[in-house]
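Given the structure is predicted, the values throughout are model-derived calculations rather than measurements. Convention: sequence-line order gives letters A, B, ...; per-chain numbering from 1.
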Amino acid sequence: MLDMKYLRKNEAEAAQRLLDRGVPAEKLQELLALDQERREAIQQVENLKAQRNAVSDKIAYAKRNKEDASEAIAAMQQVGADIKALDSQQAILDDKVQNLAAHLPNLAAAEVPVGPDESANVEQRVWEPVDYDTRPHALGEAPSWLKAHYEIGEALGILDFERGAKVSGARFLYYVGDGARLERAVYNFMLDEHRQEGYTEMIIPIVVNDTAMFGTGQYPKFQDDAYRVAGLAQTYIPTAEVPLTNYYAGETLPSEDLPIKFTALSPSFRKEAGAAGKDTRGLIRLHQFNKVEMVKFTKPEHSYAELESMTANAENILQKLGLPYHVIMLSTGDMGFSAAKTYDIEVWMPQQQVYREISSVSNTEDFQARRMHITYRDDNDKLQLVHTLNGSGLAVGRTVAAILENYQNEDGTVTIPAALRPYMGGQETLTATAHY
RNA sequence: GGAGAUAUGGCACAAUCUGGUACUGCAACGGACUCGAAAUCCGUCGAGCCGCAUUUCGCGGUGUGCGGGUUCAAAUCCCGCUAUCUCCUCCA
C-alpha cells in the first residue's frame with residue numbers, strides 16, 4: 001500500500017512514478033478525487049457525532065438528576081438517523097478508496113531502470129566457477145551429447161513426470177530414490193547456510209488466510225494464480241514469504257532486535273495461469289515446488305544494505321554449488337507488485353544455453369509493512385513502519401535442474417557437487433537406478 | 001466433531017445481571033525529597049487508527065476480540081464470527 005499522504009502532496013511526481021510501473025495517470029486522479037470526497041464526508045459526519053456526544057452527556061446528566069430529557073432525545077433521533085445514513089455512505093467511499101489503493105503497485109526506487117518489460121533489465125555481474133571451462137559445457141559451448149535436465153532425470157530414473165501427471169495433473173512430479181535424496185540434500189544445505197548467516201529457521205503454515213495474502217500483496221490483485229482452499233477464505237501459499245512476513249503482522253517490533261531474519265523451506269503452489277504452453281517439461285515451471293525463502297525486517301535506513309547482503313546470501317549458495325549465474329536488476333516494468341527494487345539471479349542452463357531465474361530478491365520498503373501494520377519505535381520513540389525484504393535462497397527444484405545439467409557427464413551420470421556430498425552420505429555420483 | 005467458559009490499557013483486574021464520563025493496582029513518564037539511589041509523596045497516563053489545524057501546545061472522531069443490529073446513548077441488550085481454555089470424542 002502506498003502512503004496516501006505522499007500521493008496527495010506529490011501528485012505530479014507520484015503520477016510519473018506510477019506511470020513507470022505501468023499505471024495510467026487517470027488511476028491516481030480517480031483515487032485522489034475519491035479521497036477528497038471521503039475526507040469531506042468524514043468532516044460532515046464527525047461534526048454530527050460531536051454534537052450527539054455532547055447532547056448524550058446532557059441527557060445522561062439530566063437522567064441522573066431525575067429531570068425530563070424527552071425533548072433532547074426527540075431532537076437526537078433525527079441526528080442519529082442522519083449519522084447512520086452518512087456513516088454508510090462513508091463506508092462505501094472507504095471501500096472504494098481502499099480498493100483503488102490496494103491495486104496500486106509499489107513505486108520503484110530511484111536507481112531502478114525504467115522500462116516496459118524484461119528488455120530494460122540491467123545485468124549487474126556474471127559469476128562462474130574458476131574450473132568451469134574444464135567442464136565440457138562452458139558458456140556458449142554446448143556439446144551435442146548434452147541433455148536437458150528432465151532427460152537426465154528420466155534416464156536416471158530419479159524424476160517421474162508421467163506418474164506425477166497421472167496422480168495429480170500436468171506440472172506435478174515425483175522425485176524418486178536419489179532424486180528425492182538430492183532435493184533433500186539441496187534444501188538442507190541451503191537452510192544450514194542461511195542459519196549460519198544469522199537467519200532464524202522456521203517451519204511455517206502452508207495454508208494462510210486472506211488477510212495474510214493481502215498483507216504481502218498477493219491479494220486482491222493476483223487471486224487467479226493462487227490455489228484457494230475450496231469453501232474457505234484460505235489459500236495454499238505461493239511462497240513462504242507470505243507466512244514469514246505476516247508472522248509479525250499488526251506488531252510493533254523492539255528497535256534493538258532489528259534487523260530480524262527468517263528462513264524457511266516450504267512447498268509453493270502456483271496455478272501458473274497465463275503460462276500455458278511455456279516450460280511444459282521439467283522442473284522449471286510446476287504447480288508445486290520447494291523453495292527456501294529468506295525474509296528480513298529492517299529499519300528504513302538499512303534496508304538497501306540488507307538487500308545487497310540478502311542477494312549475496314543467495315549468490316553464496318550458487319557459488320558453493322559451483323553453478324554459473326548472473327545477477328540482473330529488474331526494470332520498473334518487470335518487477336513484482338510489492339517490490340521497490342528487485343535483483344533476479346539467473347542460473348546458467350547449458351543445454352538450452354540460457355540463464356533461468358532461480359532467485360528473486362526484493363526490498364518492498366514499507367509497502368507490505370503498511371498493509372500489515374508492522375512498526376518499530378525510532379530514536380524519538382515515534383512509531384515507524386519497518387521495511388520488509390524477501391528473497392529466494394533458492395528455488396530448490398530449479399537448483400536440482402541446474403545441477404543435473406551443469407554436472408552431467410558424457411556417460412549419462414551426474415557428478416554430485418562437493419558441497420552436497422556430506423548431505424548424501426558421501427555419495428559422489430548419480431547413476432541409473434532401477435525403475436519400478 | 002460435541003458441550004461449557006472466557007476475551008476490557010504494556011500487565012493484572014472492576015464495571016456487564018439493572019445501558020448513561022471504563023474502577024483500582026502494578027508498570028511507565030514528569031516532579032518533590034536526597035550528595036546520589038531506594039523508599040515515600042505529588043502529578044500524568046487508552047495503544048493504535050482517521051480527520052482538521054500546525055512554528056508550538058492542540059481540537060474532534062473512532063476505539064472494551066472481530067462484524068452487524070437495537071437505542072438519544074452499548075463494555076453492558078440481541079444476532080453472527082474468530083481465538084483461547086476445560087471436559088468428552090477422535091487422532092499422528
CD1 of Ile42(A) versus C1' of A53(B): gap in Å, rounded? 16 Å

So, OP1 or OP2 of G51(B): does either fall under 4.0 Å of a side-chain N or O from Arg38(A)? yes

If we take the C1' atom in both U86(B) and A14(B), what is their distance in whole Å? 24 Å

Say you pick atom P in U56(B) and the same atom in G63(B); how far apart are they, in whole Å? 29 Å

Taking any strand in view, what nucleotide pairs with C81(B) in a Watson-Crick or G-U wobble way, both distances under 3.5 Å? G65(B)

Should the pair Asp160(A)-Arg163(A) be classified as a salt bridge under the 4.0 Å nitrogen-to-oxygen rule? yes

Please state how far atom CD in Gln51(A) lies from atom P in U62(B), giving the value in whole angstrom units. 13 Å

Rounded to whole angstroms, how far apart are CZ on Arg39(A) and P on A53(B)? 8 Å

Taking atom P in both U89(B) and C79(B), compute the distance separating them and give it to the nearest angstrom. 31 Å

Proximity to the side chain of Ala60(A) - top-ranked nucleotide from G60(B), C52(B), G20(B): G20(B)

Under a 3.5 Å cut-off for both distances, is C59(B) Watson-Crick or wobble paired, and to whom? G51(B)

Is a salt bridge present between Arg281(A) and Glu154(A), judged by a nitrogen-to-oxygen distance below 4.0 Å? yes

Confirm from the modelled atom types if Glu46(A) and G60(B) form a donor-acceptor pair under 3.5 Å, side chain to base only. yes

Could you state the atom-to-atom distance from CG of Asp210(A) to C1' of C66(B) in whole Å? 15 Å

Starting at the 5' end of RNA chain B, which residue's closest nucleotide do you reach first, Gly80(A) or Thr375(A)? Thr375(A)

What is the separation between atom CG on Asp87(A) and atom P on U71(B), rounded to the nearest whole Å? 15 Å

Is it true that Arg285(A) and Glu272(A) have a side-chain N and a carboxylate O under 4.0 angstrom from each other? yes

Tightest non-hydrogen contact, residues Gln223(A) and Arg228(A), listed as OE1-NH1, 4.3 Å

So, does Asn53(A) get its side chain near the phosphate of C72(B), meaning an N or O under 4.0 Å from OP1 or OP2? no

Salt bridge or not for Lys271(A) and Asp224(A), using N-O below 4.0 Å? no

Touch check for Ile59(A), heavy atoms < 4.0 angstrom, all strands: base, sugar-phosphate only, or nothing? base

Grab the two heavy atoms, one from Pro238(A) and one from Ser268(A), that are nearest each other, plus how far apart they are. O-CB, 3.2 Å

Rounded to whole angstrom, note down the C1' distance from G9(B) over to U62(B). 16 Å

So, is Arg52(A) near the phosphate of A73(B), with a side-chain N or O under 4.0 Å from OP1 or OP2? yes

Strictly by Watson-Crick or wobble contacts shorter than 3.5 Å, is anything paired with A73(B), and which nucleotide is it? none

How many whole angstroms separate atom CD1 of Ile83(A) from atom C1' of G60(B)? 13 Å

Taking the P atom of each, how far is A37(B) from A28(B), in whole Å? 15 Å

Categorize Asn47(A) for me: base, sugar-phosphate, or nothing, with a 4.0 angstrom heavy-atom threshold over every strand shown. nothing

Distance between P atoms of G25(B) and G20(B) (Å, rounded): 22 Å

Any side-chain N or O of Gln77(A) less than 4.0 Å from the OP1 or OP2 oxygen of C72(B)? yes

For the residue pair Thr235(A) and Tyr219(A), establish whether any side-chain heavy-atom pair is separated by less than 4.5 Å. yes

Atom pair distance, as rounded to whole Å: CG in Asp94(A) and C1' in C50(B): 9 Å

Could you identify the nucleotide paired to A14(B), looking across every strand shown and requiring Watson-Crick or G-U wobble geometry with both distances under 3.5 Å? none

Find which nucleotide of RNA chain B each of Ala74(A) and Lys5(A) is nearest to by heavy atoms, and output the residue with the more 5' nucleotide. Lys5(A)

Tell me whether the side-chain N/O atoms of Lys84(A) come closer than 4.0 Å to OP1 or OP2 in U70(B). yes

Whole-angstrom distance between C11(B) and U64(B), as gauged at atom P: 16 Å

Arg377(A) side chain, from C-beta outward: closest of U62(B), G20(B), G48(B): G48(B)

Please state whether the phosphate of G51(B), meaning OP1 or OP2, lies under 4.0 angstrom from any side-chain nitrogen or oxygen of Arg8(A). yes

Only pairs with both distances under 3.5 Å count, Watson-Crick or wobble alike; so what is the partner of G9(B) in this structure? none

In whole angstrom, give me the gap between the P atoms of G80(B) and C72(B). 24 Å

In whole angstrom, give the distance that lies between atom NZ of Lys9(A) and atom C1' of C52(B). 13 Å

Between Lys382(A) and Asp378(A), is there a salt bridge with N-O shorter than 4.0 Å? no

